[in-house]
Amino acid sequence: MSNGVFVAAVNRVGTEKEMTFYGGSFVSNPMGEILQSLTDEEGILIQEVDLKEIDSTRNLLQFMRDRRPDTYELLLKKEAFRTPSNV
């Protein structure tokens with residue numbers, strides 16, 4: 001929701017060997033509202049989206065306007081990820 005985009009989240013369902021997958025795939029709009037979902041069954045979701053919703057959501061919520069890239073600049077530098085083991 002912070003990015004103001006549509007989300008298509010996909011998750012496996014069923015059992016394979018000893019592993020169980022619980023599904024829960026969904027499509028949501030930029031406000032985080034679930035438009036379609038599958039719980040524990042296999043299937044295909046097809047969802048028509050209106051890309052204008054992205055602009056209207058970003059104008060309403062203002063997460064993009066209020067971000068402060070200068071405060072996380074160090075995270076973008078290689079040195080930020082140095083640990084005693086790789087110095």
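What you are looking at is a predicted structure, and each value in this text was computed from that prediction instead of being measured.
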Please set out all donor-acceptor pairs under 3.5 angstrom arising from side-chain atoms of residues 18-25, sequence neighbours excluded.
from: Ser25; atom 1: OG; to: Asn11; atom 2: N; distance (Å): 2.9
from: Ser25; atom 1: OG; to: Asn11; atom 2: O; distance (Å): 3.3

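Under a 3.5 Å cut-off, the side chain of Gln47 and the backbone N or O of Gln36 do not form any donor-acceptor pair.
In the model, Asn29 has a side-chain atom that pairs as donor or acceptor with a side-chain atom of Glu33 under 3.5 Å.
Taking all atoms of both residues into account, the shortest heavy-atom contact from Phe63 to Ser2 is CB-O, 3.3 Å. In terms of heavy atoms, Gly4 sits closest to Arg58 at O-NE, 3.9 Å. When all heavy atoms of Asp40 and Val13 are compared, the pair lying nearest together is O-CG2, 3.2 Å. Contact record, Phe26 with Ile34: CD1-CD1, 3.4 Å, taken as the closest heavy-atom pair.
Tracing side-chain contacts under 4.5 Å through hydrophobic residues (I, L, V, M, F, W, Y), one reaches Leu38 starting from Leu35; they form part of the same cluster.
For CD of Glu41, the number of neighbouring non-hydrogen atoms (other residues, nucleotides, ligands) closer than 6.0 Å is greater than 12.
Between Met31 and Leu60, the closest side-chain pair of non-hydrogen atoms falls below 4.5 Å. Side chains of Phe6 and Ser28 form no contact here, defined as non-hydrogen atoms less than 4.5 Å apart.
Arg68 has a carboxylate O that lies under 4.0 Å from a charged side-chain N of Asp70, or vice versa, which qualifies the two as a salt bridge.
From Asn3, atom CG reaches atom CG of Leu61 across 11.0 Å, with rounding to the nearest 0.5 Å.
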